[in-house]
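On a predicted model such as this, the values are computed, not experimentally measured, just so you know. Proteins come first, then strands; the chains are lettered A, B, ... in the order of their sequence lines, and each starts at number 1. What's counted below: heavy atoms across the whole structure, side chains too, no hydrogens, waters or symmetry copies.
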There are 2 protein chains.
Amino acid sequence: MRADAKKNYDQLLAVARAVVAEQGADASLRDVARRAGVGLGTLYRHFPTREALLEALLRTNFDALAQRADELERSDDSGSALVTWLREAVATTHNCSGAIALMVAAISDEGSALHASCVSLRAAGTRLLVRAQTKGAARSDMDGNDLFALISALAWLADQPPLVPRADHLFEIISSAILVKV
Amino acid sequence: MRADAKKNYDQLLAVARAVVAEQGADASLRDVARRAGVGLGTLYRHFPTREALLEALLRTNFDALAQRADELERSDDSGSALVTWLREAVATTHNCSGAIALMVAAISDEGSALHASCVSLRAAGTRLLVRAQTKGAARSDMDGNDLFALISALAWLADQPPLVPRADHLFEIISSAILVKV
DNA sequence: ACCTGAACACCGTTCAAGT
DNA sequence: ACCTGAACACCGTTCAAGT
């Protein structure tokens, strides 16, 4: 990558991080380019889709979550390891307001720039879920897809301003459903 | 209302019902006016906000849900009455794709045209929940707001195409959390 | 009273023209 | 190679002008 191109790329990413934190995942891309002092076409070549931009912004977080799952997989209590990871996954996913709907769409769209991240998120959760199920700590009638769906539902809830005060409590209710054996 | 005004109103409502069913709650209002053969300003005067239009479209459904709660309140099994109503509430709310986020926003916004409908939905659910709690069929650590949030989460899940096949199963998981006693 | 549609200020996306 | 910004086709919302 040419030096000027790299500079634009970095600048776009930094500005996008701020704008998305401010306005959510559906922020104006025009606004991002404007604030970055870059032509609109430049943004589109570096990030051909909104998903590509979000993927670049969120990759670090996804990687951290996968690594966190590895650590937690070695803990004694498989049930609370699962719930702990779940809580962190919801928090991470929630941190970019509005991104969760795109992520859900991406899991069944191999062409999406977010696809790989979603698959690895689901895989990390599946590992912890299966272990908890094997040890009898989690209900046996669900799989990684269900877990991914419940994470997305909780992240969505935490994204709705009127529900924010109840988000923790709703997490308790739903996670209790996972831990209860069938 | 003048006869021509009433005709426009009815025509707008009929077209909006079709367009919203097709494109979801964020459908183009311009498109609605166009297809209704009516000026854009006419749509805006009859329905000053998107919420007002949706409210007109959904009022019947909300009324039916409230009435259904009355019926179910007289059934023997307070727990399954609650779950049955919950299932119907999710289905009703889901039927207008994308409306659920607006409804959640409306519950804490008295100025919204959807506010009253949301409050009555919550009230209907609360009646069934409290009865089930009194009889020991539902967990005691939640209230009508939590129930409303869970309905909205389930409706949101059912709105995401990749999750549709799992929607029923996710309903079972979450409703089991409500019925389990604490 | 009621209706219309132009006007304004925004989008996302593409692509010819520049350096 | 890379960048720019005009161009196109859309929005939501308002409001002067018409009947």
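- Between the side chains of B/S175 and B/R87, no donor-acceptor pair of N or O atoms lies under 3.5 Å.
- Between A/N8 and D/dC2 there is no side-chain N or O to OP1 or OP2 distance below 4.0 Å.
- With distances taken from any side-chain atom of B/R30 to the nucleotides C/dC11, C/dT4, D/dC11, the minimum falls on D/dC11.
- Using a 4.0 Å cut-off, some side-chain N or O of B/R45 falls inside it from OP1 or OP2 of C/dC3.
- Of the candidates D/dT4, C/dC2, D/dC2, the closest approach to any side-chain atom of A/V38 belongs to D/dT4.
- Residues B/R34 and B/S28 bring no donor and acceptor atom of their side chains to less than 3.5 Å of each other.
- Look at B/H46 and you won't find any side-chain N or O under 4.0 angstrom from OP1 or OP2 of C/dC2.
- Of the N and O atoms on the side chains of A/H94 and A/D159, at least one donor lies less than 3.5 Å from an acceptor on the other residue.
- Across D/dT4, C/dT4, C/dT13, the shortest atom-to-atom separation from the side chain of A/L40 is found for C/dT13.
- Comparing D/dG12, D/dC2, C/dT4 by their closest approach to the side chain of A/R2 singles out D/dC2.
- Judged by distance alone, the side chain of B/S112 and the main-chain N or O of B/D109 form no donor-acceptor pair under 3.5 Å.
- Picking from C/dC11, D/dG12, C/dT4 the nucleotide with the shortest atom distance to the side chain of A/R34 gives C/dC11.
- Taking for each of A/G41 and A/D26 the nucleotide of DNA chain C with the nearest heavy atom, the 5'-most of the two is the partner of A/D26.
- Across the strands present, C/dA17 finds no partner; the criterion is a Watson-Crick or G-U wobble pair with both atom distances under 3.5 angstrom.
- In a base pair of the Watson-Crick type (N1 to N3 plus N6-O4 or O6-N4) or a G-U wobble (N1-O2 and O6-N3), with each distance short of 3.5 Å, C/dC11 is matched with no nucleotide.
- The nucleotide whose nearest atom lies closest to any side-chain atom of A/L29 is, among C/dC11, C/dT13, C/dC3, C/dT13.
- OP1 or OP2 of D/dG12 lies within a sub-4.0 Å distance of a side-chain N or O belonging to B/S28.
- Checking side-chain atoms of A/R68 against main-chain N and O of A/T84 turns up no donor-acceptor pair under 3.5 Å.
- With hydrogens and angles ignored, no donor-acceptor pair under 3.5 angstrom links the side chain of B/R50 to the base of D/dG12.
- As judged by a 4.0 angstrom heavy-atom cut-off over every strand, A/A27 is placed among residues touching the sugar-phosphate backbone only.
- Within residues 13-24 of chain B, no residue has any heavy atom under 4.0 Å from DNA chain C.
- Between the side chain of B/R139 and the backbone N or O of B/A177, at least one donor-acceptor pair lies under 3.5 Å.
- Checking C/dT14, C/dC11, D/dC3 against every side-chain atom of A/Y44, the shortest atom distance belongs to C/dT14.
- No more than 12 heavy-atom neighbours from other residues, nucleotides or ligands sit within 6.0 angstrom of CD on B/Q67.
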